[in-house]
Q: 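Dropping the structure in here first, questions after.
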Amino acid sequence: MYELGTANTNELDIQGMTNRLNHRNTVALTGAGISVASGLPLGNEAVNGIPLNALFLLDTWLQRPNHAYDAYRSILSRWRQASPNAAHRVLAAHQIRIITQNIDGLHRDAGSRDVIELHGNLRELVCLTCESVFSSDLALQQRIPSCPTCGKQLFPGFIMEGYPVRHIARAVEWVAAAEYLLVIGTQLAMDPVRRLREIARERGADVFWVSEKAEYWLPALFGEGIQS
């Protein structure tokens, strides 16, 4: 495994890595760290007095829906103003397959076409009763948006804690077939996402871990020079 963004990075042969990297057989696994340069927060911050982590608890939305949706609207406003940074753009330019834990949509905004959003996204609201899906714009029109189909309360389109991640089987297929896995901005602390790196290594793939400043190191890794 090769780790960029640490004290030992200068000892690595970046040019050699670039020559080895086969873009057609590469998958990127991304977390919150890739979006920090776009101005988006990490999970230990709070919005409108509610910790971000609490917004991934279903009880927060059931017991405090007004406060939860106030925080959600603040997130929508802030995150819609964010733009993809150099890390998102270089992955899109090379059409690297993306498996992301992020809900910000910046990979799609950058132009990536093959994107698995394991934890859902901010674009949608979902009805847990009838399973209908609607645009998050409804949260800007109603204090507590309700389902146009059945009238029940809607919930954000991201995965709540304790619920299974989405499309994990397809993510496993991508990783199992990859020659290279880029792990970017995540410590892979939780299963089943942590298992993806193990699968890559078991299949003989090279793992490149960009622990921080992905907007700086990814362009270099793809032979595009260091970004400021």
Side-chain angles (χ1 to χ4, degrees), residues 29-32 34-35 38 40-82 84 88 97-174 185-186 189-196:
L29 176 55
T30 70
I34 196 173
S35 297
S38 296
L40 297 188
L42 295 172
N44 57 357
E45 298 189 28
V47 180
N48 290 26
I50 297 181
L52 276 177
N53 290 338
L55 291 175
F56 291 90
L57 300 175
L58 184 59
D59 282 350
T60 300
W61 298 88
L62 294 173
Q63 298 171 10
R64 304 172 62 192
N66 285 326
H67 292 100
Y69 264 110
D70 285 345
Y72 181 78
R73 280 182 281 271
S74 294
I75 290 173
L76 284 181
S77 175
R78 178 177 177 182
W79 291 18
R80 282 179 172 178
Q81 295 174 20
H88 298 103
R97 284 179 164 182
I98 307 293
I99 303 169
T100 187
Q101 301 169 83
N102 299 339
I103 61 174
D104 53 42
L106 291 181
H107 285 298
R108 294 185 184 277
D109 291 345
S112 290
R113 294 192 293 267
D114 293 327
V115 182
I116 295 175
E117 294 171 317
L118 293 173
H119 293 164
N121 59 73
L122 283 170
R123 299 184 305 275
E124 300 167 342
L125 296 174
V126 298
C127 179
L128 300 182
T129 301
C130 70
E131 300 184 346
S132 298
V133 179
F134 304 95
S135 168
S136 60
D137 287 342
L138 281 177
L140 305 178
Q141 302 167 15
Q142 304 175 29
R143 183 77 188 275
I144 302 176
S146 57
C147 177
T149 302
C150 70
K152 300 295 185 180
Q153 178 181 333
L154 293 177
F155 296 86
F158 49 74
I159 300 300
M160 299 293 174
E161 184 175 319
Y163 287 76
V165 299
R166 298 179 181 175
H167 312 302
I168 190 64
R170 183 153 57 104
V172 168
E173 290 178 1
W174 285 9
T186 175
M190 302 292 290
D191 287 329
V193 180
R194 177 171 51 192
R195 177 66 180 148
L196 295 176

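Quantities reported herein were computed from a predicted structural model and do not represent experimental measurements. Note that these values count all heavy atoms, side chains included, but never hydrogens, waters or copies made by symmetry.
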Q: Nearest 0.5 Å, what's the OG1-CG distance between Thr30 and Asp104?
A: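 Separation between the atoms: 8.0 Å.
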Q: Could you check Ile75 against Leu52 for side-chain contact (heavy atoms from CB on, under 4.5 Å), going step by step and ending with a plain yes or no?
A: CA-CA 10 Å; Ile75 290 173; Leu52 276 177; 3.7 Å; yes
Q: Could you go through Arg80 and Asp137, starting from their C-alpha distance and side-chain angles, then the distance that decides it, and tell me whether this counts as salt bridge (Lys or Arg N to Asp or Glu O under 4.0 Å)?
A: CA-CA 12 Å; Arg80 282 179 172 178; Asp137 287 342; 2.6 Å; yes
Q: Are any of the side-chain heavy atoms of Leu128 and Leu58 separated by less than 4.5 Å?
A: yes
Q: Check whether Asn121 reaches the backbone of Ile103 with its side chain - one donor and one acceptor, N or O, closer than 3.5 Å.
A: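 No: the side chain of Asn121 does not pair with the backbone of Ile103.
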Q: How far apart are the closest heavy atoms of Val126 and Pro156, and which atoms are they?
A: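 For Val126 and Pro156, the tightest heavy-atom pair comes out as CG2-O, 3.7 Å.
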Q: Parallel under 30°, tilted from 30 to 60°, perpendicular over 60°: which one fits the rings of Tyr72 and Trp61?
A: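 Perpendicular, since the angle between the ring planes exceeds 60°.
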Q: To the nearest 0.5 Å, what is the distance between CG on Asp109 and CH2 on Trp79?
A: 12.5 Å
Q: Residues two or more places apart in sequence or in another chain: which of them pass salt bridge (Lys or Arg N to Asp or Glu O under 4.0 Å) with Arg64?
A: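 In terms of salt bridge (Lys or Arg N to Asp or Glu O under 4.0 Å), with neighbours along the sequence ignored, Arg64 is linked to no residue.
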Q: Between CG of Asp59 and CE of Met160, what distance do you get to the nearest 0.5 Å?
A: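 Going from the CG atom of Asp59 to the CE atom of Met160 covers 10.0 Å.
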Q: Has the side chain of Ser132 got a donor or acceptor atom that lies under 3.5 Å from a matching backbone atom of Cys127?
A: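 Side chain of Ser132 to backbone of Cys127: no pair is present.
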Q: Give me the atom names and distance for the closest heavy-atom approach of Pro145 to Leu138.
A: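 Scanning both residues, the minimum pair turns out to be CB-O, 3.9 Å.
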Q: Check Leu76 against Ala139 and note the closest heavy-atom contact, atom names and distance.
A: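 Reported closest heavy-atom pair: CD1-CB, 4.5 Å.
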Q: Is any side-chain heavy atom of Trp174 less than 4.5 Å from a side-chain heavy atom of Leu29?
A: no
Q: What are the two closest heavy atoms between Pro192 and Val165, and how far apart are they?
A: CG-CG2, 3.8 Å
Q: Any sub-3.5 Å donor-acceptor pair from His119's side-chain atoms to Gln101's backbone N or O?
A: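 Checked: pair present.
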Q: Step through the shown structure and confirm whether more than 12 heavy atoms of other residues, nucleotides or ligands are within 6.0 Å of CD on Gln142.
A: yes
Q: Arg166 and Ile116: which non-hydrogen atoms are nearest, and at how many Å?
A: O-CG2, 4.2 Å
Q: Would you say Ile34 and His88 make side-chain contact, with heavy atoms under 4.5 Å?
A: yes
Q: Which atoms form the tightest heavy-atom contact between Ser112 and Ile98, and what is the distance?
A: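 Scanning both residues completely, I find the closest heavy atoms to be OG-CG1, 3.9 Å.
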Q: In Å, rounded to the nearest 0.5 Å, how long is the span from OG of Ser136 to CZ of Arg73?
A: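 Here the rounded value is 11.5 Å.
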Q: Please check this pair: side chain of Ser38 against backbone of Ala82, looking for a donor-acceptor N/O pair closer than 3.5 Å.
A: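 Answer holds: no.
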Q: How far does CZ of Phe158 sit from CG of Leu118, to the nearest 0.5 angstrom?
A: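 Atom-to-atom, Phe158:CZ and Leu118:CG are 15.5 Å apart.
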Q: I'd like to know if the side chain of Arg78 reaches the main chain of Leu40, judged simply by a donor and an acceptor atom lying under 3.5 Å from each other, with no hydrogens or angles considered.
A: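 Side chain of Arg78 to backbone of Leu40, a donor-acceptor pair under 3.5 Å: no, none is there.
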Q: Quick one: CG on Leu106 to CZ on Arg108, what's the gap to the nearest 0.5 Å?
A: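 CZ of Arg108 is found 12.0 Å from CG of Leu106.
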Q: Suppose the criterion is salt bridge (charged side-chain N to carboxylate O under 4.0 Å, His left out): which pairs have a residue in residues 138-164, not counting sequence neighbours?
A: Asp70-Arg143
